[in-house]
Protein chains: 2
Amino acid sequence: MIRVLIADDEDMIRTALAALLRLEPDIDVIAECRDGAEAVEVATRLTPDVCLFDVEMPGMDGVDAAAVLRRTVATRIVAVTRHARPGVLRRALAAGVHGFMPKSRRAQDVAEVIRQVAGGRRYIDPEVAADALADERSPLTDRELDVLRAGAGGETIAQIASTLHLSPGTVRNHVSSILGKLHLRTRQQAAIEARERGWI
Amino acid sequence: MIRVLIADDEDMIRTALAALLRLEPDIDVIAECRDGAEAVEVATRLTPDVCLFDVEMPGMDGVDAAAVLRRTVATRIVAVTRHARPGVLRRALAAGVHGFMPKSRRAQDVAEVIRQVAGGRRYIDPEVAADALADERSPLTDRELDVLRAGAGGETIAQIASTLHLSPGTVRNHVSSILGKLHLRTRQQAAIEARERGWI
DNA sequence: CTACGGCCATGACAGATGTCATGGCCTCGC
DNA sequence: GCGAGGCCATGACATCTGTCATGGCCGTAG
């Protein structure tokens with residue numbers, strides 16, 4: 001019997017998956033969690049065979065939770081996400097997940113992936129893997145991504161400078177460099193672009 | 001037997017809900033669709049008793065599809081959404097939906113809502129209804145919302161002016177008025193705010 | 001060592017953006 | 001009719017933003 005913990009902040013999808021998995025004869029859903037922190041706490045206590053983590057969760061997200069669990073609990077982790085961008089996959093793999101599948105897959109496939117991962121194998125959705133291999137890395141430097149992140153909410157240059165402890169001029173230089181590399185006109189477009197590509 | 005059509009662009013949630021509903025003895029899932037246009041086409045052909053529409057779908061969304069079907073096919077419509085903002089509920093009700101529930105509800109509740117709606121009753125999630133009644137309307141005029149929409153992608157004032165066939169000065173005036181009403185500093189923050197409140 | 005590139009900063013400049021005052025046009029409610 | 005308010009526009013102004021040139025500091029690859 002494969003003992004599974006499910007973490008997803010959206011009740012409808014989490015309860016639906018849990019109900020479906022409970023129909024499988026060899027799978028037992030032993031816990032449902034709403035965010036990464038709760039998942040880490042419960043997984044530490046119950047040591048499930050497989051953790052099924054949604055990547056997008058408030059507070060500590062699924063990848064963060066995977067990174068923590070990886071070093072403390074002998075459990076295998078499947079990351080599921082709505083935004084299956086190459087950047088997300090790379091981040092998940094760096095955190096040590098054993099399975100990765102987008103929510104564009106059918107619910108019926110989840111049980112099979114869980115079995116694979118529980119059996120010691122890895123599973124990466126082939127579509128996403130191909131995208132990740134074809135896709136070039138972000139042309140932006142780490143610091144430029146910091147600037148983009150700090151300004152993603154429509155913040156002012158002055159606010160970005162203050163949160164990053166930089167001079168406004170430096171921030172403007174980073175922004176200018178970003179826009180040049182991305183062939184865009186405004187910070188906001190750059191932030192949208194970066195978000196869509198999974199860079200931030 | 002209640003004949004149901006499900007439309008949701010995310011395969012995992014759609015197939016999961018379909019599988020669960022098929023377990024119900026009195027519900028028959030007769031079709032699954034990926035977007036609003038497909039849903040309208042199929043519903044017109046099959047005339048299901050109840051349509052379960054996700055609001056967020058590419059192209060024609062669930063509310064648009066409901067508005068079209070409402071006038072052409074004798075079917076009842078349940079709207080489901082991740083973003084259960086008052087604005088979304090109002091828009092859905094204006095389109096003539098019979099049921100409205102957020103995805104923060106459990107999957108098990110969906111069957112019950114479908115039964116209610118199939119039985120001629122209406123169903124509005126009480127939490128969302130309470131929010132909608134408590135929430136005041138947008139303080140922005142229609143034209144100001146147009147400006148916000150046109151600039152939501154980080155567009156330039158000049159681009160907004162061009163898409164709305166206005167002078168740049170007029171656009172700036174609208175923006176200034178918006179920022180004043182919302183106590184914000186930049187267009188982008190206003191766009192984010194408006195999106196979160198379901199105004200655009 | 002040297003060259004290169006990332007990172008930080010400054011200063012000057014052009015152009016974009018937001019504020020304000022003002023005025024015309026139109027519709028709606030009184 | 002008259003006032004209020006939405007809508008459009010202009011012009012002037014202050015500020016913000018993005019560009020560019022320049023230079024210093026640091027770590028790494030050659």
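Just the heavy atoms: all of them, side chains too, but no hydrogens, waters or symmetry mates, feed the values below. Order of the sequence lines fixes the chain letters, A, B, ..., with proteins taken first and strands second; residue numbering starts at 1 for each chain.
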*Asks:* Just to be sure I understand the geometry, which residues of residues 160-178 of chain A put a non-hydrogen atom under 4.0 Å away from DNA chain C?
*Replies:* A/L166, A/S167, A/G169, A/T170, A/R172, A/N173, A/H174
*Asks:* side-chain contact (heavy atoms from CB on, under 4.5 Å) with B/Q159: which residues, sequence neighbours excluded?
*Replies:* A/Q189, B/E155, B/T156
*Asks:* Could you pull out the closest heavy-atom pair between A/D49 and A/M1, with the gap in Å?
*Replies:* OD2-O, 3.6 Å
*Asks:* Apart from A/F53 itself, what residues make up its hydrophobic cluster when side-chain heavy atoms of I, L, V, M, F, W and Y under 4.5 Å apart count as a link, directly or indirectly?
*Replies:* A/L5, A/I30, A/V40, A/V42, A/L46, A/V55, A/M60, A/V63, A/V68, A/L69, A/V73, A/I77, A/V88, A/L89, A/L93, A/V97, A/F100, A/I124, A/V128
*Asks:* Send over the distance from B/D142 CG to C/dT27 P, rounded to a whole Å.
*Replies:* 16 Å
*Asks:* Salt bridge or not for B/R149 and B/D142, using N-O below 4.0 Å?
*Replies:* no
*Asks:* side-chain contact (heavy atoms from CB on, under 4.5 Å) with A/A16: which residues, sequence neighbours excluded?
*Replies:* B/A16, B/L20, B/A107
*Asks:* Test A/R91 against A/D64 for salt bridge (charged side-chain N to carboxylate O under 4.0 Å, His left out), laying out the working first.
*Replies:* CA-CA 9 Å; A/R91 193 170 149 248; A/D64 295 336; 3.2 Å; yes
*Asks:* At under 4.0 Å, does any side-chain N or O of B/T141 touch on OP1 or OP2 of D/dC7?
*Replies:* yes
*Asks:* Rounded to whole Å, how long is the line connecting atom CG of A/L140 with atom C1' of C/dG5?
*Replies:* 15 Å
*Asks:* Looking at residues at least two apart in the chain, or sitting in another chain, which of them share a salt bridge (charged side-chain N to carboxylate O under 4.0 Å, His left out) with A/R45?
*Replies:* A/E41
*Asks:* Between residues 179-191 of chain A and DNA chain C, which residues have a heavy-atom gap below 4.0 Å?
*Replies:* none
*Asks:* Can you list the residues that meet the side chain to side chain donor-acceptor pair (under 3.5 Å) rule with B/E10, with sequence neighbours excluded?
*Replies:* A/R82
*Asks:* What does the B/S/- profile of nucleotides 24-30 of chain D look like, 5' to 3', with a 4.0 Å heavy-atom cutoff to protein?
*Replies:* -------
*Asks:* Does a salt bridge link A/R115 with A/D26, judged by any charged N lying under 4.0 Å from a carboxylate O?
*Replies:* yes
*Asks:* Under a 4.0 Å threshold between the charged nitrogen and the carboxylate oxygen, would A/D9 count as salt-bridged to A/R14?
*Replies:* no
*Asks:* Residues in side chain to side chain donor-acceptor pair (under 3.5 Å) with A/S167, at least two apart?
*Replies:* A/T170
*Asks:* Of all residues at least two apart in sequence or in a different chain, which pass the side-chain contact (heavy atoms from CB on, under 4.5 Å) check with B/R22?
*Replies:* B/A18, B/V29, B/E32
*Asks:* Using rotation axes that map the C1' atoms of four end pairs onto the next four (five pairs an end), what angle separates the end axes of the helix from C/dC1-D/dG30 to C/dC30-D/dG1, to 10°?
*Replies:* 30°
*Asks:* Looking at B/R34 and B/D54, is any side-chain nitrogen of the basic one under 4.0 Å from a carboxylate oxygen of the acidic one?
*Replies:* no
*Asks:* Tell me, which of residues 147-159 of chain A have any heavy atom that sits under 4.0 Å from an atom in DNA chain D?
*Replies:* A/T156, A/I157
*Asks:* CZ of B/R195: more than 12 outside heavy atoms within 6.0 angstrom?
*Replies:* yes
*Asks:* Thinking salt bridges, do B/R105 and B/E127 make one under a 4.0 Å N-O criterion?
*Replies:* no
